[in-house]
Amino acid sequence: MNLFDIKDYVVVITGGTGVLGRAIAKYLAQEGAKVIILGRNAEVGNKIAADICAEGGACEFMQTDVLNAEVVQKNCDDIVAKYGKVDTLLNAAGGNVAGAIISPDQTFFDLKTEEFQKVLQLNLTGTVIPTQIFLKPMVAAGKGSIINFSSMAAFRPITRVCGYAAAKAGISNFTEFMAAECAKKFGEGIRVNAIAPGFFITEQNRALLTNPDGSYTQRGQDVIRHTPFGRMGEPEELCGTIHYLMSDAAKFVTGTVAVVDGGFNAYAM
């Protein structure tokens, strides 16, 4: 019996067109899962799906808006109509907004509350809506796994990213809430966990952490100094933890936030 077998799992990834999402989609397709990437950019999403299929994986893209319940419901209906089920939902959609960041030359009074709200909506509500919708076919089947994306900012209030940190802390809390809610009301077949990546270079943070020549900015150097491994993470290094959490190897695991950070969260000084 292979507890890690995910062949023919139907896996939905919101925010799947980002650097991390596409690496995870490619890996899971290589492991035999049927992957559906949900994102806003159809051109990018279709290219990612086509590349994965060209390498022998099963992947398709669907355009979505994680803040629009009607659109997400249509995505879910189309997926269930085609595949008959949803085994795993990865809530990877998220991001930051400039106005919700407090730069070194600013103070808290410069925080734009409307931008702060946008960050909360995108990250937190953008996790709640897909969870509510894709949970339904899982409950009907009596089995399913939801994996949310938390962050190092959920464990400690990392400077500058006021809105993002608050949203990610909310996602960790929501993960624990949903784990108990699902187990108590729908049975042990429904599991809800989260992954908390350390620092990975993505399109959203590249300019913050690296200079045009590829060297680290002061912010990037600070991250490296606080990471015992002494480097940033590679997107593929998230795949093993996600594979474990969605597989039967983690049948008794729910409500946890799995850290993949090169030791960042364990390091004090």
Side-chain angles (χ1 to χ4, degrees), residues 6-53 55 57-68 71-80 82-83 85-95 122-138 144-151 168 171 175 178 191-197 200 202-204 235-247 250 258 260:
I6 58 171
K7 188 176 185 299
D8 294 327
Y9 271 39
V10 176
V11 182
V12 177
I13 307 177
T14 71
T17 57
V19 171
L20 303 184
R22 71 180 68 183
I24 294 164
K26 179 179 179 180
Y27 169 80
L28 295 177
Q30 290 173 340
E31 291 297 309
K34 296 180 173 67
V35 180
I36 301 92
I37 295 172
L38 301 184
R40 290 179 293 186
N41 192 318
E43 182 179 356
V44 173
N46 284 320
K47 177 67 165 55
I48 294 170
D51 289 345
I52 291 174
C53 290
E55 296 180 6
C59 182
E60 69 174 291
F61 171 80
M62 291 184 181
Q63 196 165 28
T64 199
D65 176 357
V66 293
L67 295 178
N68 188 321
V71 173
V72 178
Q73 185 64 63
K74 179 65 163 56
N75 295 144
C76 182
D77 292 343
D78 290 345
I79 291 167
V80 173
K82 181 172 182 177
Y83 298 98
K85 61 175 182 173
V86 175
D87 293 294
T88 302
L89 168 66
L90 272 63
N91 280 309
L122 175 59
N123 290 277
L124 186 51
T125 308
T127 292
V128 172
I129 289 174
T131 296
Q132 191 172 50
I133 290 169
F134 283 100
L135 177 62
K136 293 175 184 176
M138 295 181 185
S145 174
I146 296 171
I147 303 172
N148 298 322
F149 270 61
S150 184
S151 167
K168 290 299 185 178
I171 287 174
T175 297
M178 286 302 298
R191 300 182 297 105
V192 184
N193 293 289
I195 186 168
F200 294 73
T202 68
E203 295 308 319
Q204 293 179 350
E236 293 74 18
E237 291 173 326
L238 295 173
C239 296
T241 300
I242 287 173
H243 187 157
Y244 162 69
L245 287 174
M246 62 187 282
S247 73
V260 184

Participant: Check whether any side-chain heavy atom of L238 lies under 4.5 Å from a side-chain heavy atom of I195, and answer yes or no.
Facilitator: yes

Participant: Could you walk me through whether R22 and V44 pass side chain to side chain contact (heavy atoms under 4.5 Å, CB included), step by step?
Facilitator: CA-CA 10 Å; R22 71 180 68 183; V44 173; 3.8 Å; yes

Participant: Starting at CD of E31, measure out to NZ of K7 and round the result to the nearest 0.5 Å.
Facilitator: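 It is 12.0 Å, given to the nearest 0.5 Å.
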
Participant: Taking all heavy atoms of V72 and all of P130, pick out the closest pair and write down the distance.
Facilitator: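 What the structure gives for the nearest pair is CG1-CA, 4.0 Å.
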
Participant: Roughly how far apart are M138 CE and T131 OG1, rounded to 0.5 Å?
Facilitator: 8.5 Å

Participant: Whether the side chain of E55 engages the backbone of A29 through a donor-acceptor N/O pair (distance < 3.5 Å, no angle test) should be reported.
Facilitator: no

Participant: Does some side-chain heavy atom of M178 sit less than 4.5 Å from a side-chain heavy atom of N148?
Facilitator: no

Participant: With side chain to side chain contact (heavy atoms under 4.5 Å, CB included) as the test, would you mind laying out the steps for Q73 and K136 before giving the verdict?
Facilitator: CA-CA 10 Å; Q73 185 64 63; K136 293 175 184 176; 4.2 Å; yes

Participant: Of all the heavy-atom pairs spanning T241 and A258, show the shortest one and how long it is.
Facilitator: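 Scanning both residues, the minimum pair turns out to be CG2-CB, 3.7 Å.
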
Participant: Less than 4.5 Å apart, any side-chain heavy atom of F149 and any of T127?
Facilitator: no

Participant: Kindly determine whether T64 and N75 satisfy side-chain hydrogen bond (donor to acceptor under 3.5 Å, both in side chains), including the steps that lead there.
Facilitator: CA-CA 7 Å; T64 199; N75 295 144; 2.5 Å; yes

Participant: Where the side chain of T14 meets the backbone of A92, is there a donor-acceptor pair that is under 3.5 Å apart?
Facilitator: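 Yes, because the side chain of T14 sits within donor-acceptor range (under 3.5 Å) of the backbone of A92.
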
Participant: Keeping the roles fixed (side chain from S247, backbone from Y244), state whether a donor-acceptor pair exists under 3.5 Å.
Facilitator: yes

Participant: Nearest 0.5 angstrom please: E237 CD to Y27 OH, how far?
Facilitator: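 Interatomic distance, E237 CD to Y27 OH, rounded to 0.5 Å: 13.0 Å.
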
Participant: For the CD1 atom of I36 and the CD1 atom of I79, what is their distance to the nearest 0.5 Å?
Facilitator: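 If I round to the nearest 0.5 Å, the distance is 4.5 Å.
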
Participant: Can you name the closest pair of heavy atoms from A42 and F61 and give their distance?
Facilitator: CA-CE2, 3.3 Å

Participant: Quick check: are there more than 12 heavy atoms from other residues, nucleotides or ligands sitting under 6.0 Å from CD of Q30?
Facilitator: yes

Participant: Which pair of non-hydrogen atoms, one from V66 and one from G126, has the smallest distance, and what is that distance?
Facilitator: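 Answer, listing the atom of V66 first, then G126: CB-O, 3.7 Å.
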
Participant: Using every non-hydrogen atom in the two residues, find where T17 and N41 come nearest and quote the distance to one decimal.
Facilitator: CG2-O, 4.3 Å

Participant: Side chain of N123, backbone of G95: donor and acceptor closer than 3.5 Å?
Facilitator: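 Judged by distance alone, yes, a pair lies under 3.5 Å.
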
Participant: One thing to verify: whether K34 and D8 come together as a salt bridge, which I'm taking to mean a side-chain N less than 4.0 angstrom from a carboxylate O.
Facilitator: yes

Participant: Ignoring hydrogens and geometry, is there a side-chain-to-backbone donor-acceptor pair from R191 to A250 under 3.5 Å?
Facilitator: yes

Participant: Quick one, V19 with F200, criterion side chain to side chain contact (heavy atoms under 4.5 Å, CB included). Give me CA distance, side-chain angles, the key distance, then yes/no.
Facilitator: CA-CA 9 Å; V19 171; F200 294 73; over 6 Å; no

Participant: Does this structure show an ion pair linking K74 with D78, if we count only N-O contacts that are shorter than 4.0 Å?
Facilitator: yes

Participant: Please confirm whether the backbone N or O of Y9 pairs with a side-chain atom of K85, one donor and one acceptor, at under 3.5 Å?
Facilitator: no

Participant: Under 3.5 Å, side chain of D87 to main-chain N/O of V11, donor-acceptor pair present?
Facilitator: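 A pair under 3.5 Å: no.
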
Participant: Kindly compute the distance separating CG (L90) from CD1 (I147), expressed to the nearest 0.5 Å.
Facilitator: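 Here the rounded value is 4.5 Å.
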
Participant: So Y83 and V12, do their side chains get closer than 4.5 Å, heavy atoms only?
Facilitator: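 The answer is no, as the side chains (C-beta and beyond) never meet within the 4.5 Å cut-off.
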
Participant: Measuring from atom CD1 of I146 to atom CE of M246, what distance do you get when rounded to the nearest 0.5 angstrom?
Facilitator: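 Rounded to the nearest 0.5 Å, the CD1-CE separation comes to 12.5 Å.
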
Participant: Hey, are the side chains of V260 and P197 touching, using non-hydrogen atoms and a 4.5 Å cut-off?
Facilitator: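 A side-chain contact is absent here, since even the closest heavy-atom pair is not under 4.5 Å.
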
Participant: Looking at every non-hydrogen atom in both residues, tell me the closest pair between L245 and S145 and how far apart they are.
Facilitator: O-OG, 3.5 Å

